[in-house]
Colleague: 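Sharing a structure, written as structure tokens. Questions coming.
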Number of protein chains: 2
Amino acid sequence: MGRVAVVVVGISPPLRRPSRPLGRTKCGSSPEVGSPAVTTVPEYVAAHADEWLSGLLDWLRIPSQSGDPALAPQVRRSAEWLASALRAAGFPTVEVWETGGHPAVFAEWVSEDAGAPQVLVYGHHDVQPVDPLEAWTSAPYEPRVAGDKVFGRGAADDKGLVAFHLLGIRAHLAATGRTSPAVTLRVLVEGEEESGSPNFPALLRARRDRLGCDVVVVSDTGMWGRETPSVVTSMRGLISCQLDLVARDVDLHSGSYGGAVHNAVTELTKLLASLHDADRRVTVPGFYDGIVEPSPEERALIARLPFDEADWLSVAHSVEGVGEAGWSTLERVWARPTAEVNGVWGGYTGPGTKTIIPREAHAKLSFRLVAGQDPVHVKSVVEAWLGSAVPAALRWSVEWEGDGVRPCATPLDAPALAAVREAMGRAFGQEVLVTREGGSGPEADLQDILEAPVVFLGTALPDSGWHAPDENADVPMLLKGAEAAAYLWEILPGALKS
Amino acid sequence: MGRVAVVVVGISPPLRRPSRPLGRTKCGSSPEVGSPAVTTVPEYVAAHADEWLSGLLDWLRIPSQSGDPALAPQVRRSAEWLASALRAAGFPTVEVWETGGHPAVFAEWVSEDAGAPQVLVYGHHDVQPVDPLEAWTSAPYEPRVAGDKVFGRGAADDKGLVAFHLLGIRAHLAATGRTSPAVTLRVLVEGEEESGSPNFPALLRARRDRLGCDVVVVSDTGMWGRETPSVVTSMRGLISCQLDLVARDVDLHSGSYGGAVHNAVTELTKLLASLHDADRRVTVPGFYDGIVEPSPEERALIARLPFDEADWLSVAHSVEGVGEAGWSTLERVWARPTAEVNGVWGGYTGPGTKTIIPREAHAKLSFRLVAGQDPVHVKSVVEAWLGSAVPAALRWSVEWEGDGVRPCATPLDAPALAAVREAMGRAFGQEVLVTREGGSGPEADLQDILEAPVVFLGTALPDSGWHAPDENADVPMLLKGAEAAAYLWEILPGALKS
């Protein structure tokens, strides 16, 4: 399967550009100009893997930490490196897009096929901070290859996954003999994902006319494991806030007043304790409005994942799993909405004792949301709940962190998702299971602003050390990602038509 | 009533000592040596009020803040001033007692009457800090008299109340014609009450042989009001702790784990919310063990106090009173035990959002205790409750602040309490009601270590500004205190015999 004999018959104009303007760009490669060849996706990928990896290592040397203002020039260097690499891979149009913060990179390769579907690939080229630096085995920006692994900040999150598309598009062309991809391919790689994508929604809105697409392919996720290729079907949304509860403007002496007036901390604990019922369902009326539960088919697929509760608890540093009755651990973190208290404070918190009745109490709350839930609706039902649950003698206020992140979900039978599972199935030679992600980044913005379904194509492994020391990517898995991308561009036109 | 013609017939040896060795001691006065006179307690007090007040002002000029190490020499000066004043008042034995911290002052005047009861008067000569200094109308250590009031740090808490005993003992002798008091009078005035009396229990134990008594008269309390003289019948005890709850050793990402593991803050809120039932009774099993409820007679007396709920709420900066069902506001703060959360913290408490599942949560708890409750027993029932209420998957620990303070209570029909009410009744010329205090100082130590009942003789008014700027005492009320003390020494021998 996937073995297609092709002859490269021409070179599209952009490929005539210098392929390595910065002298160190090796990702992707020019087609074998003038040397017609029969190749397959795996053969092409294998033949160009070393050259591609060398380019990736160059990219990983750029400390593109979006969170450190002092490294802003490095984020720009990273964008420029990627722009060059996309040009070298053949994209006729490559632009660095300015934002209110760090630049994003845009590329476009219009398919010559009439009616070809339009695809937007999303990723990010900024990386997490490296603290604690002393916990790294080798310097985070001096990438090294050890066995199958490449170690370095950004290897898995997200440069390695963005980079496999540089190889994937070339493999697609080489294996199909095409001079343009079977889909009109657009790529948008932002530079602020690790800082919460503060300018990304505005960028999407401003560039909406350039970003039109039938499907968004997000490459910023992982798989269940090396032996269990899988595709993410959804990400939970999020809305968070600070709740302030005020009983009065002064702390009172508990000897003089204890037992006869409201204690703001006690009232807060009663409120927060009442957030869940005995089955650990969220009690806020209307919280579950419109929720779309996972289909029996998806629940069955999730149940087939080789999940080891003890291992999972060990990774979670926990001795017991606990959550909403009637759902498995994976379903609880992937498919069920939550209300979490992220922090609480009030009254005296210093050493020793201060026998006061606290005047105020505060909590940080966050709500993870699943398909069918709207963060703006959740805001309103939480406020209605507070209005009815807080005693009238106390004042409360809630400050929301923006409008939150909408959940992002693809039904299992969505054609694009089926195409991704088929493409990965070809690459890995086995059935592709499904996972979900408990949290999300800007994927929901892509879905909502571009009004297109989002699918996930990512091949990072669970031990990638995302956001941690010794971040690494498994090179064979990245190459499988390149293969899957190559197949996906080939499969999508038919899948989206059917 | 109280008008007793006496003739001073002799001078006890200590009175021959120089009466003002520091040249500024005017509190108390020598008896009218060699000039037999007929006087009454009020007449004596009125005649010596100016001289006595002048002495008090001298004492108030000494900044005896026990909480400020830099002022330790001033606390010692205050002790020395008081020792001199006690000598001047005629006490044959006056000693400055060293402690692990600031010195206390001890005085003793043995009654010549065979079988006279032994009384220990307790007070303190240290004072609170003066912050915020800018809120004072005049300098805290430059006492001033304005109308009936004397303003200055310590005027009401507690120098003014200790000082009225200097005048009271002289009035007692003058009005009864005695050369020694009708009771063997011992006085112990400590110098660390405002710092929590850290060395006081040890002092009581070490000096127990010198402090034996049939009753302790504590002069460090107030009355309901100028028009409503009253006596305190009990003080609540206290035991406090810090509770630490640990779900694991790391915070978890709420996207990855939210909904499937224990949240330490949520578990803490459930625990704290369950501390009270719907009637706001404490739910800890065994918490109410042995409790002595106020008698119907005392409840009726309390109900006669001119209590204005709206005024009380205004002083409490609160819009609503709330507490244990079945008890009035005053009973809730005076006669009912409580469990209060003094502070709480856990998880992320900074600006913005951090979507974590907190690993730990903490609370400061305090329990106010009433007659019949033992703080050590309360410790054990709280720990037993934690052991059963905290989910097994979480670790908890509780750190108690020592062994707490036992409640201090005098039954309404106790002879010493009846004597205090009678003595105050003579001084004020009206019935004396009863109040309680919601908190307590070292009174329970006196009761427990000396194994003697404690009664309260204090005439501070509610607007004294205890622990606050513009602290003040009402001079006529202090003089009524002196009169009441004079009557009390006269009444007690008969009262304690009956």
Side-chain angles (χ1 to χ4, degrees), chain A residues 236 238 240 247-250 252-263 265-266 268-270 272-274 276 316-324 329 332-333 336 338 340-349 352-358 361-362 364 366 368 393 401 437-440, chain B residues 236 238 240 247-250 252-263 265-266 268-270 272-274 276 316-324 329 332-333 336 338 340-349 352-358 361-362 364 366 368 393 401 437-440:
Chain A
R236 292 196 290 190
L238 176 69
S240 54
R248 65 190 63 78
D249 58 353
V250 295
L252 294 177
H253 189 279
S254 77
S256 305
Y257 296 97
V261 293
H262 286 289
N263 177 322
V265 170
T266 295
L268 182 67
T269 64
K270 288 159 70 172
L272 298 181
S274 75
H276 299 90
H317 295 241
S318 300
V319 298
E320 178 181 88
V322 66
E324 188 182 340
T329 295
R332 286 169 178 167
V333 294
R336 299 305 297 168
T338 69
E340 291 285 348
V341 186
N342 311 120
V344 69
W345 71 103
Y348 182 70
T349 60
T353 289
K354 193 173 180 188
T355 49
I356 56 167
I357 302 176
H362 313 271
K364 302 274 189 184
S366 63
R368 295 280 168 185
E401 286 276 322
E437 297 258 326
S440 65
Chain B
R236 292 195 289 192
L238 176 69
S240 54
R248 64 190 63 78
D249 59 353
V250 294
L252 293 176
H253 189 279
S254 76
S256 304
Y257 296 97
V261 293
H262 285 290
N263 177 322
V265 171
T266 295
L268 182 67
T269 65
K270 288 160 70 173
L272 298 181
S274 76
H276 299 89
H317 296 241
S318 300
V319 298
E320 179 180 87
V322 66
E324 189 182 341
T329 295
R332 286 169 178 166
V333 294
R336 300 303 298 166
T338 69
E340 292 285 349
V341 187
N342 311 120
V344 69
W345 71 103
Y348 181 70
T349 61
T353 289
K354 193 172 179 188
T355 48
I356 56 166
I357 301 176
H362 313 271
K364 302 273 189 185
S366 64
R368 295 280 169 185
E401 285 277 323
E437 297 257 328
S440 64

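Chain identifiers are assigned alphabetically (A, B, ...) following the order of the sequence lines, protein sequences preceding nucleic acid strands; residue numbering begins at 1 within each chain.
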Colleague: Which bit of L238(A) comes within less than 4.5 Å of chain B, counting heavy atoms only: side chain, backbone, both or neither?
Modeller: side chain
Colleague: Which region of E401(A), side chain (C-beta onward) or backbone (N, CA, C, O), has a non-hydrogen atom less than 4.5 Å from a non-hydrogen atom of chain B, or is it both or neither?
Modeller: side chain
Colleague: At a heavy-atom separation under 4.5 Å, does H253(B) approach chain A through its side chain, its backbone, both, or neither?
Modeller: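 Interface part for H253(B): side chain.
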Colleague: Sort S366(A) into side chain, backbone, both or neither according to what part of it lies under 4.5 angstrom from a heavy atom of chain B.
Modeller: side chain
Colleague: Using non-hydrogen atoms and a 4.5 Å limit, figure out which bit of K354(B) sits close to chain A: side chain, backbone, both or neither.
Modeller: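 Only the backbone of K354(B) comes within 4.5 Å of chain A.
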Colleague: If you tally heavy-atom pairs under 4.5 Å against chain B, which of A361(A), S274(A), A316(A) wins?
Modeller: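 When all of A361(A), S274(A), A316(A) are compared, A316(A) has the most.
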Colleague: Please classify the contact between T269(B) and chain A as side chain, backbone, both or neither, with a heavy-atom cut-off of under 4.5 Å.
Modeller: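 Its backbone and side chain both get close to chain A.
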Colleague: Any idea which of G321(B), G343(B), G347(B), A247(B) has the most non-hydrogen atom pairs under 4.5 angstrom with chain A?
Modeller: G343(B)
Colleague: Nearest heavy-atom pair of S240(A) and T353(B): which atoms, and what distance?
Modeller: OG-OG1, 3.2 Å
Colleague: Side chain, backbone, both or neither: which part of V322(B) has a heavy atom under 4.5 Å from chain A?
Modeller: both
Colleague: Would you say I357(A) and E340(B) make side-chain contact, with heavy atoms under 4.5 Å?
Modeller: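 Contact flag for I357(A)/E340(B) side chains = yes.
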Colleague: With a 4.5 angstrom heavy-atom cut-off, is it the side chain or the backbone of R336(B) that approaches chain A, or both, or neither?
Modeller: neither
Colleague: Under a 4.5 Å heavy-atom cut-off, does chain B meet the side chain of I356(A), its backbone, both or neither?
Modeller: both
Colleague: With a 4.5 Å limit on heavy-atom distance, are the side chains of R368(B) and T355(A) in contact?
Modeller: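 In contact.
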Colleague: If you count heavy-atom pairs under 4.5 Å with chain B, which of V265(A), V319(A), T329(A), T349(A) comes out on top?
Modeller: T349(A)
